[in-house]
Amino acid sequence: MMDDRTGVKAAKVCGAFVYTLLLALLLSAQFDFYYDLNDDTMIKDILSGAYTGQPSGYCIQMLYPLAWCIALFYKAIPAVPWYGLFLCVCQFGVVFLVSARLLFIMQSARARFVALALEAFLVLGLFLRVFVVVQYSVTSGICMAGALFLFLTAPKTDKPSVFFRRNLPALLLVVLSFTIRTEVCIMLMPFLLLAGLVKWCGEDRFFTGVNFRKYITLIVTALLCMSAVYSLDMVAYRGSEWASFRRFFDARTKLYDFYGIPGYEDNRDFYESIGLSRESYTLLENYNFALDESIDTWRLESIVAYQEQLAKEGTGLHDTFGFVSKNSVREALWKYKDLLRNGRSLAGAAVIVMYLVYAVWCIVPAKGKQRAGAIARILGVLAVRSVLWLYLCMVDRAPDRVTIPLLLMELTMLVSFFVCDAPKMDGGRAFYRIRTLVAVVCVAGVLASLAANQWAVKDEYARRAQADARWNAMMDYCRKNGNNYYIIDVYSSTSYQGAPYSEKMFTDVDNSYKNFDICGGWAAKSPLARQKLERYHFRDIQGALCGAKPGSQAPAYFIVNVDKDLDWLVAYYEKRGITAGLRRTAQIRTAAGEAAFDVYKLAGK
């Protein structure tokens, strides 16, 4: 028979589940769930089999053990959007775990209601977009934020086994984040390390055998789990083709995401020394590098090495003790100062407000060691966030999918400190009115963010609908001409008037094979991309576009935005002694009759 204490625990868990379910139903009633970018749809296509015709765990971005599991579900029931479900379960699973923890640690019914209401406002307001326009890097960040909150708010115990058990959900979330997006997990790890230091310093005595067993066991277990899944990933990709592609992928990432491509005319001697013509360089510029087989791993690594050499010589990039970046430390500091001064995002504003709330509630009323500890915690958070943002300013790379997890992690740490420290503070009546005023301002801010984000997301949905109409028209055209093969210009496949081309997660789900591919991107030249070409008996994209014989059952066509200049394509073939005739064979129009894309065929003369 279940005792009263167990019954109370079960009731709280059920309450958290119902609360999370209601939030999910409310969002699904208001919005369709989208994959954020074509990167996310590419992962979905690989996992579901829409890319090659067979579900595959080699989605490149996620670690293989997780991707293999999702692909296995697609093999069992192909019609179910398993990847989208997985991302949503991860995000709302974190909401459930956080709400359950709040119900357990809050002492009164009023406090529980306020805590859950604020969490709902954060989900429906401040971070509404990331829950309905889902990006896997942000999902990784949400898992890390959930792990941070669970770890910092876990009840104290002197028993290592109990400590490990209580922090097991946090550990599993860290490992999950690592498998979803390794780079995001590693970037956010300093926050978690700071949390561990804060928690350890909060023990009655620091240097005890019990504390060492508690914390070292948890750390070692996390490292072993991450090492295990990473090792399985390395084993899965150890084949010669995949090993070679991973080198190509790493060099491509360094060039496009961190170093940039040096100009051709100013570095002509270097490019000629590695056999890269001006026409091939243009393909690197417009991202259509998959067209040219000579743009291989060796040439990309040569450009990377050249950039690093220029940095050491003080030309172009900057070399800071062996770390190559676009901006120097001084330039990055100025950029960081501008970010602090001009930051207008609601998430950034919420972080600033949370610093003020913690100061008013937890620092001002505190005394002695308690105040010193609170100040030290805040200074630690500021130090970690400053180093990470300084790094982003140095590499000059701060897209939303990177900055949102950073802000979310910082906000979560501040909220966790507040939840743990606020009940201990009693500043007397002198601070009661100030705290009430701050609370009213915070609630007003949350309500304002709720309204602002609701409007912003609905506006984005309207723009996405216009982009969807064009992208869906293109996919319908390709499906109707299933015997043909289509190559899409990279910049014609990204967005329309600022709205990314993407797909909805749970509406009009179609995991059937797609007879088109992009002429670049992170999957280009992978074994999967070559497998896709071999399906139509093509060796490479260059030959597919210009080598198809008249009457071929699977000629390759080139799809671009309407009236886009294709002189670069003709020049590329002419450089190789092929006089290509460029002929528009069709124009893809939306259901409303708007011209969206042109379809071209190249035939050697």
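Positions are given from 1, in the same order as the sequence printed here.
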Open item on the list: For the backbone of Lys156 and the side chain of Arg166, can you confirm whether one donor and one acceptor N or O come within less than 3.5 Å of each other?
Closed with: yes

Open item on the list: What I want to check is whether the side chains of Tyr35 and Gln135 have a donor and an acceptor closer together than 3.5 Å.
Closed with: no

Open item on the list: Taking Glu203 first and then Arg205, would you say they form a salt bridge - that is, a charged N and a carboxylate O separated by under 4.0 Å?
Closed with: no

Open item on the list: With a 6.0 Å cut-off (strictly less than), is the heavy-atom count around CH2 of Trp389, excluding the residue itself, greater than 12?
Closed with: yes

Open item on the list: I want to check a possible cation-pi pair here: Arg246 against Tyr237, using under 6.0 Å from ring centre and within 45° of the ring axis as the test.
Closed with: yes

Task: Considering all heavy atoms, the nearest Leu232-Pro65 contact - done: CB-CG, 3.6 Å

TODO: Could you tell me whether Phe73 atom CZ has more than 12 heavy atoms of other residues or ligands within 6.0 Å of it?
DONE: no

Open item on the list: Strictly distance-based, threshold 3.5 Å: is any side-chain N or O of Gln307 a donor or acceptor partner for the main-chain N or O of Gly260?
Closed with: yes

Open item on the list: Just checking Lys254: does its NZ atom have more than 12 heavy atoms from other residues, nucleotides or ligands closer to it than 6.0 angstrom?
Closed with: no

Task: Donor-acceptor pair, side chain of Tyr19 and main chain of Leu116, under 3.5 angstrom - done: yes

Open item on the list: For a quick check under 3.5 Å, do Asp39 and Tyr136 share a side-chain donor-acceptor pair by atom type?
Closed with: no

Open item on the list: Taking atom NZ as the centre, does Lys12 end up with more than 12 heavy-atom neighbours from other residues, nucleotides or ligands that are less than 6.0 angstrom away?
Closed with: yes

Task: Identified ring-ring contact (aromatic ring centres under 6.0 Å, His included) counterpart of Trp200 within the set Phe151, Phe163, Tyr215 - done: Tyr215

Task: Other residues, nucleotides, ligands: >12 heavy atoms within 6.0 Å of Tyr230 OH - done: no

Open item on the list: For the CZ atom on Arg247, are there more than 12 heavy atoms of other groups (residues, nucleotides or ligands in this structure) within a distance under 6.0 Å?
Closed with: no

TODO: Taking Tyr259 for its side chain and Glu308 for its backbone only, find out whether a donor-acceptor pair lies under 3.5 Å.
DONE: no

Task: Whether Phe245 and Trp242 hold their rings parallel, tilted or perpendicular, with breakpoints at 30° and 60° - done: perpendicular

Open item on the list: Assess, by modelled atom type and distance only, whether the side chains of Thr41 and Ser502 contain a donor and an acceptor separated by less than 3.5 Å.
Closed with: no

Open item on the list: Can you see whether Asn211 engages Thr208 through a side-chain donor-acceptor pair at a distance of less than 3.5 angstrom?
Closed with: yes

Open item on the list: Using a 6.0 Å cut-off, check whether atom CZ of Phe113 has over 12 heavy atoms from anything other than its own residue.
Closed with: no

Task: Selection residues 92-115 - residue pairs positive for side chain to side chain donor-acceptor pair (under 3.5 Å), sequence neighbours left out - done: Arg101-Thr153

Open item on the list: With a 6.0 Å cut-off (strictly less than), is the heavy-atom count around CZ of Phe17, excluding the residue itself, greater than 12?
Closed with: no

Task: Sidechain-backbone polar pair: Ser495 side chain, Pro500 backbone, donor-acceptor under 3.5 Å - done: no

Open item on the list: Ignoring hydrogens, what is the shortest heavy-atom contact between Ala332 and Leu390? Give both atom names and the distance.
Closed with: CB-CD1, 3.6 Å

TODO: Taking only Lys NZ, Arg NE, NH1 and NH2, and the carboxylate oxygens of Asp or Glu, determine whether Glu460 and Arg464 approach each other closer than 4.0 Å.
DONE: yes

Task: Short side-chain to backbone donor-acceptor contact, Asp421 and Phe418, under 3.5 Å - done: no

Task: Audit row: His318, Glu331, side chain to side chain contact (heavy atoms under 4.5 Å, CB included) steps and yes/no - done: CA-CA 10 Å; His318 298 271; Glu331 291 169 336; 3.2 Å; yes

- [ ] Ignoring hydrogens and angles, tell me if any N or O in the side chain of Tyr391 forms a donor-acceptor pair with the backbone of Met187 under 3.5 Å.
- [x] no

Open item on the list: Under a 4.0 Å threshold between the charged nitrogen and the carboxylate oxygen, would Arg129 count as salt-bridged to Asp36?
Closed with: yes

TODO: Test side chain to side chain contact (heavy atoms under 4.5 Å, CB included) on Lys335 and Asp396 and set out the steps.
DONE: CA-CA 9 Å; Lys335 281 182 170 288; Asp396 200 19; 4.0 Å; yes

